[in-house]
Amino acid sequence: MASRAEVRRQVLGCRRCSLHAQCSRPVPFHSSGKVVIVGEAPGETEDRLGQPFVGKSGQLLRKVVDEVGIGSTKVGYMNAVSCAPHRTPTPDEVEACRPNLDAQLAVLQPSYVVLVGQVALRAFRPDLRIAWMHGRPMERDLGWGNIILWTVYHPAAALRNKAMEEALWRDFFALTYHMVHNSWPQTCCVCKGEQWVWDGDGVVWCQKHSPEQGQGRLEMEVETVR
Ligand code: URA
């Protein structure tokens, strides 16, 4: 099997599509862990700094990851397309970059792959829409055992849309719960409903049972996942 350094070199030297000619450099994976987060493609800041998810949307994503308890040291970051396209990548570009994505995942061998946004979802399931798939687990054997593919809204969309931001927090919260308990969350402790709302402080409440009543908090111990 290729080493991490070899895979990094593969990505940095990639010429499979024309994007390499217009970006500063391809951006390979950064860090690793039980969770690997797959984004769309590097943005302007990532293109400049050579690291995934370090711009504005990346900062929101890393904040969510930290606050739900996964912890930044347990997470790897990469993109479905490694070169900054300065626009949404085309399906052909996603397809051309697929060997890079596969090689990076294979060398890191995570247990959870979080697909961030429609483009990352398209790399695995071009037939599915994110509005339907976010927060729904898929099991896949990618070659090193069964893993969970977990889809969330892109943080760039969450920065523009409050409902999507709430869904992003909720979906990461549920993922953390699964990492700790190996089951999906039980939802509200009063009604068992699934109408969650994020209160802005990283606490998730049931919409029917308000925080004022001291009820409706999710039955979920958030632990740091080791
Ligand atoms: N958006 C992405 O999808 N990936 C990045 O690395 C940065 C922004």
Side-chain angles (χ1 to χ4, degrees), residues 1-33 35-58 61 75-134 136 138-158:
M1 196 183 64
S3 68
R4 289 183 185 195
E6 284 166 341
V7 171
R8 208 178 279 278
R9 272 199 296 277
Q10 168 185 327
V11 174
L12 287 169
C14 182
R15 300 286 182 269
R16 281 177 208 279
C17 75
S18 59
L19 285 181
H20 70 90
Q22 62 196 56
C23 69
S24 304
R25 79 205 95 178
V27 177
F29 70 90
H30 183 260
S31 190
S32 69
V35 179
V36 162
I37 296 182
V38 178
E40 175 178 308
E44 306 303 322
T45 312
E46 291 77 13
D47 184 49
R48 195 158 36 81
L49 300 178
Q51 198 178 311
F53 284 115
V54 287
K56 204 166 170 215
S57 63
L61 183 67
V75 181
Y77 293 89
M78 64 179 70
N79 282 298
V81 171
S82 298
C83 294
H86 310 292
R87 51 165 170 72
T88 304
T90 65
D92 282 353
E93 287 158 355
V94 174
E95 187 59 31
C97 214
R98 186 60 203 259
N100 292 332
L101 178 58
D102 288 344
Q104 292 178 96
L105 288 173
V107 80
L108 299 185
Q109 304 206 343
S111 307
Y112 297 87
V113 174
V114 182
L115 305 174
V116 172
Q118 183 68 51
V119 170
L121 174 61
R122 189 190 293 149
F124 289 88
R125 289 295 304 259
D127 54 326
L128 296 177
R129 304 293 305 163
I130 188 152
W132 166 251
M133 276 316 290
H134 79 91
R136 291 173 194 264
M138 298 181 272
E139 247 184 44
R140 274 288 176 89
D141 187 348
L142 295 183
W144 58 93
N146 269 355
I147 61 134
I148 287 175
L149 288 176
W150 185 245
T151 309
V152 301
Y153 280 120
H154 198 286

| Side chains of S111 and I148: does their closest heavy-atom pair fall under 4.5 Å? | no
| message | Could you report the tightest heavy-atom contact between N79 and P52, atom names first, then the distance? | response | ND2-CB, 3.8 Å
| said: Is any side-chain heavy atom of E46 closer than 4.5 Å to one of H30? | reply: no
| note | What one should report as the nearest heavy-atom pair of P85 and P42 is CD-O, 3.8 Å
| task | Taking R8 for its side chain and F29 for its backbone only, find out whether a donor-acceptor pair lies under 3.5 Å. | result | yes
| task | List in chain and number order the residues that pass side chain to side chain contact (heavy atoms under 4.5 Å, CB included) with R140, two or more places apart in sequence or in another chain; answer none if no residue qualifies. | result | F124, R125, L142, I147, L149
| field | Nearest heavy-atom neighbours spanning C23 and H86 | value | CA-NE2, 4.5 Å
| said: If the test is side chain to side chain contact (heavy atoms under 4.5 Å, CB included), which one of C83, P28, P99 qualifies with V11? | reply: P28
| request: Determine, step by step, whether T151 and R136 satisfy the side chain to side chain contact (heavy atoms under 4.5 Å, CB included) criterion, reporting the C-alpha distance in whole Å, the side-chain angles of both residues, the deciding distance to 0.1 Å, and the verdict. | output: CA-CA 7 Å; T151 309; R136 291 173 194 264; over 6 Å; no
| field | Reported CZ-to-CG distance for the pair R122 and L115, which is rounded to 0.5 angstrom | value | 12.5 Å
| task | To the nearest 0.5 Å, tell me how far L19 CG sits from E93 CD. | result | 4.0 Å
| Under 3.5 Å, is there a donor-acceptor pair between the side chain of Q118 and the main chain of L128? | yes
| Are the side chain of D47 and the backbone N or O of S24 linked by a donor-acceptor pair below 3.5 Å? | yes
| What's the shortest heavy-atom distance between V119 and V94, and which atoms? | CG1-CG2, 3.7 Å
| field | Any pair counted as salt bridge (Lys or Arg N to Asp or Glu O under 4.0 Å), so long as it reaches residues 9-32, sequence neighbours left out | value | none
| task | Decide side chain to side chain contact (heavy atoms under 4.5 Å, CB included) for V54 and R48; before the verdict, give the C-alpha distance in whole Å, the side-chain angles of both, and the deciding distance to 0.1 Å. | result | CA-CA 10 Å; V54 287; R48 195 158 36 81; over 6 Å; no
| query | How many angstroms lie between OG in S32 and CD in Q109, if you round to the nearest 0.5 Å? | reply | 11.0 Å
| Over all atoms of both residues, closest heavy-atom pair of A96 and C17 | CB-CB, 4.0 Å
| task | Determine yes or no for a side-chain-to-main-chain donor-acceptor pair under 3.5 angstrom, with E40 supplying the side chain and T88 the backbone. | result | no
| query | Is there a donor-acceptor pair under 3.5 Å between the side chain of W144 and the backbone N or O of V107? | reply | no
| message | Within this structure, what is the CH2-CD distance for the pair W150 and E139, rounded to the nearest 0.5 Å? | response | 12.5 Å
| request: Answer yes or no: is there a side-chain heavy-atom contact under 4.5 Å between K56 and T45? | output: no
| field | Closest non-hydrogen atom pair between G39 and A120, with its separation | value | O-CB, 3.7 Å
| query | Is atom CD of Q10 surrounded by more than 12 heavy atoms (other residues, nucleotides or ligands) closer than 6.0 Å? | reply | yes
| field | Check: N100 main-chain N/O paired with Q104 side-chain donor or acceptor under 3.5 Å | value | yes
| Sub-3.5 Å donor-acceptor pair from the side chain of S31 to the main-chain atoms of V75, do we have one? | yes
